[in-house]
Amino acid sequence: MIGIIDCNNFYASCERNFDPSLKGLPVVVFSNNDGAVIARSEEAKALGITMAVPIFHIKELMKKNDIIGYSSNYTLYGDMSKRIKSIIRDFFKDVEDYSIDESFVSCKGFKYRNLFNYVKDARDKISHWSGIPVSIGIGETKTLAKLANRIAKKQYREVGVYIIDSEEKRIAALKATDVTDVWGIGSRIGKRLNSVGVFNAYDLSMVDEDWAKRQFSVVLQRTVYELQGVSCIPLELVQPDKQNIASQKSFGIYQTEFEPISEALANYTARVAEKLRKQKFVAGGISVWLGTNNFSKTDAQYFPEISTVCDVPTDYTPYLIKRAVEGLKVIYRKGYRYKRVGVMLTDLRNNSDGTQNLFHANARNKEIEIIKKVDRLNRLNGRDTVRSAQQGFAREWKMKQEHLSPKYTTRLSDIINIR
DNA sequence: TCTGGGGTCCTAGGACCC
DNA sequence: TCTGGGGTCCTAGGACCC
């Protein structure tokens, strides 16, 4: 049996956890730039706030109902996530961290008739100790566990645990679930399935597996098997190495000039390069893209992209910034109102077996020394204490975050400031 | 006026090889 | 009038996830 542990309304729960006065009140969390809703407390859902709705559509609704809105605070959520995952490991030996607020766990080796009691106890303690309510779903496959989790949330909210451990329960669960609510079925595939008479998870579990592969793909075929109780998607206990590291952000205000855009790009590149070094990787390539606002009906649209190969796979920030800005120069055109710029490091590999370059070895050693010292200074004194000149200081492109909560768990000075 | 960010996997088709 | 067959690798784009 496989379980999935999922935090309820994770970001909203994090915000509320640190401000007891918000208990029982409707709370929402905004996307970057305070643009759209990405998390809602139960009370906010009940008031009709939908997922991903633009904030300017619900300004009135929020005011009328005293809904509290927060800019997203990923430092806080990331730290809470770490704590919860560490508690999960007190109860489960084999864990796959699947997303910031979800972990798959193996329930193999648990005595069957004690499973519910054990999991229920774990669920209560994880919720209580972290302050974030969680739900646990269990089934024979990951897809069935996800289904069980939905049922735990919807029908057994107080209990917070649901186990699909019999054929009757499996069939009932499948029949009660829309096909588009099945893990792995999005809106496109969902529509196509509807058009051939597949409406709920049960219908999908009954289709011919080979037909599913022929008409759709091996991905759908696996889902069909998983719904039948045949496991096709194994637990991944070791986190696979990242293949790409990307950063893109919308600007707080439109940018038209090259300079501020390249400044933003240099900053995003510094971030992805930091992540790269943290994982002890080097990048063989780098891609850069630019974009106008695709929601605008009047603006001229432009979404150029450029990919380049590094001379030598590297993790050296100044080189990566130079490369990225060169790319930007190629794709930038005057006369557009730009909404975002992004950068992706590609062709990642372990830096111990990275390609060597006969003519570069000495320079590389020097770079390693420099960047180690820069990382250390920044770790001790705060991000970007030492930075590339191209990162600049003006930051007129920076995103909007007008309702940011303090970094309660990671930054003492923030807490002092609100007092 | 105002609509997020960071990922993965799969497939089809082109380029290329012998 | 008539011009092969079998294979690999790479990339762009689509679909999905949270």
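Per chain, numbering begins at 1; letters A, B, ... match sequence-line order.
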Opening and closing nucleotides of DNA chain B in contact with chain A, under 4.0 Å to non-hydrogen atoms | B:dC2 to B:dT11

Nucleic acid contacts - residues 79-102 of chain A versus DNA chain B, non-hydrogen atoms under 4.0 Å | none

Counting only N and O atoms by type, is there a donor-acceptor contact under 3.5 Å from the side chain of A:Ser71 to the main-chain atoms of A:Asp34?
-> no

Residues in ring pair (Phe, Tyr, Trp, His ring centres under 6.0 Å) contact with A:Tyr225, at least two apart in sequence or another chain = none

Partners meeting side chain to side chain contact (heavy atoms under 4.5 Å, CB included) with A:Pro54 (sequence neighbours left out) | A:Phe56, A:His57

All side-chain hydrogen bond (donor to acceptor under 3.5 Å, both in side chains) counterparts of A:Ser99, not counting sequence neighbours = A:Asp101, A:Glu102

Can you check whether A:Phe258 and A:Trp397 have ring centres sitting under 6.0 Å from each other?
-> no

Crowding at CD, A:Gln301 (>12 non-hydrogen neighbours, <6.0 Å) = yes

At their closest point, which heavy atom of A:Phe92 faces which heavy atom of A:Cys107, and how far apart are they?
-> CE2-SG, 4.4 Å

Taking the same atom, C1', in C:dC18 and in B:dC2, what whole-Å distance lies between them?
-> 25 Å

side-chain hydrogen bond (donor to acceptor under 3.5 Å, both in side chains) contacts touching residues 1-12 of chain A (sequence neighbours left out) | A:Asp6-A:Lys153, A:Asn8-A:Ser135, A:Asn9-A:Glu42, A:Asn9-A:Lys45

Under 6.0 Å between the ring centres of A:Trp183 and A:Phe104?
-> yes

Look at all strands and tell whether A:Val53 reaches a base, only sugar-phosphate, or nothing, counting heavy atoms closer than 4.0 Å.
-> nothing

The correct set of residues in residues 26-38 of chain A placing a heavy atom under 4.0 Å from DNA chain B is A:Ser31, A:Asn32, A:Gly35

A:Glu96 with A:Lys142: basic N within carboxylate O range, under 4.0 Å | yes

Contact residues, residues 185-199 of chain A to DNA chain C [heavy atom, < 4.0 Å] | A:Ile185, A:Gly186, A:Ser187, A:Arg188, A:Ile189

Trace of the side-chain hydrogen bond (donor to acceptor under 3.5 Å, both in side chains) decision for A:Glu15 with A:Tyr77 | CA-CA 9 Å; A:Glu15 295 295 349; A:Tyr77 313 148; 2.7 Å; yes

If you look at every strand shown and take non-hydrogen atoms under 4.0 Å, does A:Val182 touch a base, only sugar-phosphate, or nothing?
-> sugar-phosphate

Should the heavy atoms of other residues, nucleotides or ligands under 6.0 Å from CZ of A:Arg376 be counted, would the total exceed 12?
-> no

On DNA chain B, nearest-nucleotide positions of A:Arg337 versus A:Arg222: which is more 5'?
-> A:Arg337

Quick one: list whatever passes salt bridge (Lys or Arg N to Asp or Glu O under 4.0 Å) with A:Lys334, sequence neighbours left out.
-> A:Glu257

Quick one: the dot-bracket string of DNA chain C, using Watson-Crick and G-U wobble pairs with both distances under 3.5 Å, [ ] for crossing pairs and | for bases paired to another strand.
-> ....||||||||||||||

Set of residues satisfying salt bridge (Lys or Arg N to Asp or Glu O under 4.0 Å) with respect to A:Lys213, sequence neighbours excluded = none

Do NZ/NE/NH1/NH2 and the carboxylate oxygens of A:Asp181 and A:Lys146 come within less than 4.0 Å?
-> no

What residues 235-260 of chain A contributes to the DNA chain B interface at heavy-atom separation below 4.0 Å is A:Lys242, A:Gln243, A:Asn244, A:Ile245, A:Ala246, A:Ser247, A:Gln248, A:Lys249, A:Ser250, A:Tyr254

Salt-bridge criterion met for A:Glu140 and A:Arg170 (N-O under 4.0 Å) = no

Report the relative orientation of the aromatic rings in A:Tyr338 and A:Tyr336; use parallel for angles under 30°, tilted for 30 to 60°, perpendicular for over 60°.
-> tilted

Tell me what A:Lys339 touches on the nucleic acid: a base, only sugar-phosphate, or nothing, going by heavy atoms under 4.0 Å.
-> sugar-phosphate

Where does the angle between the aromatic ring planes of A:His403 and A:Phe30 fall among parallel (under 30°), tilted (30 to 60°) and perpendicular (over 60°)?
-> perpendicular

